[in-house]
Amino acid sequence: MNKRRLTIVLGIVFLIAAGFGSQALISKKKPTPRTETVIVPKQVKVSRATNGTSPAEIEITGRLTAAQKIDIFSEVGGTLLPDSRRFREGNYFKKGDLLVSIDREEARYGLMAQKSSLMNQVTLILPELKTDYPASFPAWEAWIAAFDPAKPLAKMPEAQTEKEKYLISARNLYNLYFTILSAEERQKKYIISAPFNGVVAAADIKEGTLVRVGQKLGEFFNPNDYELEAALSLEDLAYVSTGQSVILGSDDIAGTWRGSVIRISDRIDPTTQTARIYVRVQGQNLKEGMYLSGKIQGKALDRVVALPRGLLIDQSKVYTVQDSIMKLIQVNPVRYSSQQVWVRGIPDGATMVNEAVIGAFEGMKVNPYESR
């Protein structure tokens, strides 16, 4: 029993000694030094704000249509003659060149028959004119002597008195005279000439075919004169007026073309809330139906600063830097484009943040540097 008690006491003494030994070792161990976190201010690109006048460049896109383009219809009937064989798509004609010729022999003979009837009626009243209206007789005699059914009808002598007019009217001379003039005008419609320098866009007939009255023969247009139709928002419409210059280009072919605004529609599309504008443009390598894009040099904006759209915060604020601290200031956007926004309210000389800063907040400390 005494041996057992001694063993227990020795064990307890050993545990107490081990505890004091470990505490002594811990107290002698030097504490690990603390590492302080150093915050390095983020570098931010800045620039000095300068209020000034900026042209409102308005971006447009549209499709070209020929400014001079006509559909050609026949006002008379007949067989298309062989001298119309050049009327084919792609062929070029100068103003006044023959486009289409329709056989008019039957109509020509009918016209000559009408002229012969008029000549016969005038010949019948010559004796009566000589007796009752001697003052008018020489004019009628000279007119009938020069009468040629194959030539254009000359102007008929005018009646000198009311009684003479009644005589001429009673013999139906006026009716015959004006019917012949109408027929002569109709004769001109058997030949269709180019109204301007241009190219055949479509040809719907060939020589030898029978042409009906009112039939469409084809399309003709000027390949060097075009209009571009584009849609503008109501906001952009306020900066555009007729006569303004437009620089146009294509994504498919090289080159630029200068045009001008010639018309602005007063009608607003209720679906898109846009209005149509029309730009006249001329030049080489332009084709009907091709798309062009460009910029209109609109009315100038005064006292504005142009910024990338990505720098606008909550549609009405921008970041500035004061004493290396980012500050938000209130601005008034006056116009937007696809890439930029023009604002008022930035003081001249203010240090503007010139790039989007990830995690930016008001009061953030930064290291500003000016872009070159």
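Note that the structure is a prediction, hence the values are computed from the model and not measured.
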(request) Look at the aromatic rings of Tyr174 and Phe178 and report parallel, tilted or perpendicular, splitting at 30° and 60°. (result) parallel
Whether over 12 other heavy atoms sit under 6.0 Å from [X] [atom1]:
{"X": "Glu105", "atom1": "CD", "value": "yes"}
{"X": "Lys42", "atom1": "NZ", "value": "yes"}
{"X": "Asp251", "atom1": "CG", "value": "no"}
{"X": "Lys287", "atom1": "NZ", "value": "no"}

Hphob cluster co-occupancy, [X] + [Y], side-chain heavy atoms under 4.5 angstrom:
{"X": "Leu217", "Y": "Phe221", "answer": "no"}
{"X": "Met156", "Y": "Ile180", "answer": "yes"}
{"X": "Leu176", "Y": "Met119", "answer": "yes"}
{"X": "Val281", "Y": "Ile60", "answer": "yes"}
{"X": "Phe137", "Y": "Val122", "answer": "yes"}

(request) Please name the residue in the list Arg258, Gln297, Lys295 that meets the side chain to side chain donor-acceptor pair (under 3.5 Å) test with Ser245. (result) Arg258
(message) Check whether Gln187 reaches the backbone of Glu184 with its side chain - one donor and one acceptor, N or O, closer than 3.5 Å.
(response) no
(message) Before you tell me yes or no, could you show the steps for Thr242 and Arg263 under side chain to side chain donor-acceptor pair (under 3.5 Å), namely the whole-Å CA-CA distance, both residues' side-chain angles and the distance that decides it to 0.1 Å?
(response) CA-CA 6 Å; Thr242 56; Arg263 299 195 308 279; over 6 Å; no
Salt bridge [X]-[Y], side-chain N to carboxylate O under 4.0 Å:
{"X": "Arg171", "Y": "Glu128", "result": "yes"}
{"X": "Arg344", "Y": "Asp302", "result": "yes"}
{"X": "Glu370", "Y": "Arg48", "result": "yes"}
{"X": "Glu219", "Y": "Lys69", "result": "yes"}

(request) Apply the test side-chain contact (heavy atoms from CB on, under 4.5 Å) to residues Asn197 and Phe93: give CA-CA distance (whole Å), side-chain angles for both, the deciding distance (0.1 Å), then the verdict. (result) CA-CA 6 Å; Asn197 297 340; Phe93 292 84; over 6 Å; no
(request) Show your reasoning for whether salt bridge (Lys or Arg N to Asp or Glu O under 4.0 Å) applies to Arg335 and Asp236. (result) CA-CA 8 Å; Arg335 188 178 174 276; Asp236 287 338; 3.5 Å; yes
(message) Given the ring of Tyr226, does Arg280 sit roughly above its face, with NZ or CZ under 6.0 Å from the centre of the six-membered ring and within 45° of the axis?
(response) no
(message) Would you say Gln330 and Ser316 are linked by a side-chain donor-acceptor pair, where the criterion is simply a distance under 3.5 Å?
(response) yes
(message) Looking only at the side chains, is there a donor atom on one of Glu207 and Ser84 sitting less than 3.5 Å from an acceptor on the other?
(response) no
(message) Among Phe196, Phe73, Tyr92, which residue satisfies the ring pair (Phe, Tyr, Trp, His ring centres under 6.0 Å) criterion with Phe220?
(response) Phe196
